[in-house]
Protein chains: 2
Amino acid sequence: MFRIDNQSRTPVFEQIVKQAEEYVRTGILNPGDKLPSIREMTSLIGVNPNTIQKAYNELDRRGVTISVAGKGCFISKNISEVMKSAAIGKLPEFERLVKELIDSGIAEKELTDIIKKVSSK
Amino acid sequence: MFRIDNQSRTPVFEQIVKQAEEYVRTGILNPGDKLPSIREMTSLIGVNPNTIQKAYNELDRRGVTISVAGKGCFISKNISEVMKSAAIGKLPEFERLVKELIDSGIAEKELTDIIKKVSSK
DNA sequence: TAACTGTACTATGTGTGTTAGTACAGTTAT
DNA sequence: ATAACTGTACTAACACACATAGTACAGTTA
């Protein structure tokens, strides 16, 4: 379920965070689901427990998960609202990227076509 | 012309690269234009010459500029093709971002509206 | 009680970014 | 030729983030 790319320049803890969020968006992880325990995850993907802990702390901080000592790390009950507002926060980044692409000579239609393609899936 | 944000987590050399590219896209910098010399830039924005050199090397590597010992660092003659193909290389990133936003509950129209807004400027 | 869970430390090694300083080589104007 | 500029190429040192290693503590569950 979780895969780490050691060649990537993206920090391992960040790869874990991004994958967890992606699994949430795609419905692989749902509200209340339990993530593998820190020690389980350690043996699953072969990274240090501290690195896993850092990832879980970050997920907690973002409201994606809620960790409870003794129980585990669980996907938030209101995860869809959390992801939605996170997405809204990324719209300025989206606009910046669009501006960059348009200014570089990419046609408007090329971008809207990509949106159509993604939406229709 | 060049501004460095020391609070940003983005490396200084990368900030310089990004700003140079943005000035190119917006027509502030044009083919054949000369960038400030490394030593000039040092006093302009108060960072180490080595950091400027690193930024200029990266711009050269990307084909944005051509540095000539004794003369300076100049915007490439075929800069528009360079920027265009760089933009094409970023389309997968664009698609990933679109997918993430759509999956998070952002409406297709919200994204196309942003594209329209940016394009019409 | 035993076995699990997350949490909180300290210490260490590694890589990257930045600064500092020096030296060398090519270009331009005088 | 000389002076003053240009980019280039190093070595050294420091700071910071990431990751690993190890230990200990506290809450939960069977």
Side-chain angles (χ1 to χ4, degrees), chain A residues 1-21 29 31-77 79, chain B residues 1-21 29 31-77 79:
Chain A
M1 188 175 189
F2 285 87
R3 301 272 166 186
I4 296 306
D5 176 10
N6 291 303
Q7 311 304 318
S8 170
R9 283 156 246 121
T10 306
V12 173
F13 84 94
E14 205 173 313
Q15 292 185 42
I16 297 171
V17 168
K18 286 187 176 173
Q19 283 180 45
E21 289 181 333
L29 284 175
D33 282 358
K34 184 177 176 305
L35 291 183
S37 80
I38 291 181
R39 291 163 180 85
E40 265 177 17
M41 192 73 102
T42 290
S43 57
L44 281 177
I45 60 180
V47 299
N48 193 278
N50 295 327
T51 303
I52 315 286
Q53 183 178 352
K54 190 171 183 179
Y56 281 14
N57 282 343
E58 180 60 21
L59 285 168
D60 278 7
R61 200 190 61 77
R62 297 188 187 186
V64 176
T65 56
I66 296 180
S67 294
V68 183
K71 299 186 73 173
C73 180
F74 302 88
I75 304 296
S76 296
K77 293 298 183 183
I79 186 64
Chain B
M1 187 175 191
F2 284 88
R3 301 270 166 186
I4 295 306
D5 176 11
N6 290 303
Q7 309 307 320
S8 169
R9 282 158 248 121
T10 305
V12 173
F13 84 94
E14 206 174 312
Q15 291 185 42
I16 297 171
V17 169
K18 286 188 177 174
Q19 282 180 44
E21 290 181 332
L29 284 174
D33 282 358
K34 184 179 175 303
L35 291 184
S37 80
I38 290 179
R39 292 161 180 85
E40 265 176 16
M41 193 72 101
T42 290
S43 56
L44 281 177
I45 59 181
V47 298
N48 193 278
N50 295 329
T51 303
I52 316 286
Q53 184 178 350
K54 190 171 184 181
Y56 282 14
N57 282 344
E58 180 60 21
L59 285 168
D60 278 8
R61 200 189 61 78
R62 297 189 187 185
V64 176
T65 56
I66 296 178
S67 294
V68 183
K71 300 185 74 173
C73 180
F74 304 88
I75 303 296
S76 296
K77 293 297 184 185
I79 188 63

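Residue numbers begin at 1 in each chain, while the letters A, B, ... track the order of the sequences.
One interatomic measurement links the two molecules: CD1 of B/Ile52 to C1' of D/dC5, which rounds to 17 Å at whole-angstrom precision. Protein atom CD of B/Glu58 is 17 Å distant from nucleotide atom C1' of D/dG7, rounded to whole Å. Atom pair A/Gln15:CD and D/dC18:C1' shows a separation of 12 Å (rounding to whole Å applied). Rounded to a whole Å, the NZ atom of A/Lys34 is 10 Å from the C1' atom of C/dG6. Computed from coordinates, the B/Phe74 CZ to D/dG7 C1' distance equals 10 Å when rounded to whole Å. Taking atom CG on B/Asp5 and atom C1' on C/dT18, their separation rounds to 16 Å, with Å as the unit. If you measure from atom CZ of A/Arg39 to atom P of D/dA24, you get 14 Å, rounded to the nearest angstrom. D/dA19 atom P lies 11 Å from atom CD1 of A/Ile45, rounded to whole Å.
A distance-only check finds a donor-acceptor pair linking the side chain of A/Gln15 to the backbone of A/Asp5 [under 3.5 Å].
Counting non-hydrogen atoms under 4.0 angstrom, B/Glu40 reaches the backbone sugars and phosphates but no base.
To the nearest 0.5 Å, atom CG of residue B/Asn50 and atom CD1 of residue B/Ile38 are 8.5 Å apart. Atoms CD and CG, on A/Gln19 and A/Leu29 in that order, are 10.5 Å from each other to the nearest 0.5 Å. In this structure, the separation between CD on A/Glu21 and CG on A/Leu59 is 6.5 Å, given to the nearest 0.5 Å.
The listed nucleotides are D/dT8, D/dA24, C/dA8; the one nearest the side chain of A/Gln53 is C/dA8. Set against C/dT19, D/dT29, C/dT7, the side chain of A/Ser67 has C/dT7 as its closest nucleotide. Of the candidate nucleotides C/dG6, D/dT20, D/dT8, D/dT8 has the atom lying nearest to any side-chain atom of B/Asp60. The side chain of A/Ser37 has C/dT5 as its nearest neighbour among D/dT6, D/dT8, C/dT5. With D/dG7, C/dT5, D/dT8 as the candidates, the nucleotide lying closest to the side chain of B/Cys73 is D/dG7. Candidate nucleotides C/dT19, D/dG7, C/dT7 were compared by shortest atom distance to the side chain of A/Ile38, and C/dT7 ranks first.
Nearest approach of A/Ser8 to A/Thr10, heavy atoms of both residues: OG-N, 2.9 Å. The shortest non-hydrogen separation linking A/Phe2 to A/Leu35 is CZ-CD2, 4.4 Å.
Base pairing annotation: C/dA29 forms a Watson-Crick or G-U wobble pair with D/dT2, both donor-acceptor distances under 3.5 Å. Across all strands shown, C/dT1 is found opposite D/dA30 as a Watson-Crick or G-U wobble partner, with both distances under 3.5 Å.
Contact check, A/Thr51 against D/dC18: no side-chain N or O comes under 4.0 Å of OP1 or OP2. Within the structure, every side-chain polar atom (N or O) of B/Lys71 is placed at least 4.0 Å from both OP1 and OP2 of D/dC5.
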Expected rows: protein N/O vs nucleotides 11-17 of chain C N/O, under 3.5 Å:
residue : atom : partner : partner atom : Å
C/dG17  : OP2  : B/Lys54 : NZ           : 3.0

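Under the 4.5 Å side-chain criterion, counting only non-hydrogen atoms from C-beta, A/Val12 is not in contact with A/Asn48.
Between A/Arg62 and A/Glu58 there is a salt bridge, since a side-chain N of the basic residue sits under 4.0 Å from a carboxylate O of the acidic one.
If you find the closest nucleotide of DNA chain D to A/Gly70 and to A/Thr10, the one lying nearer the 5' end belongs to A/Thr10.
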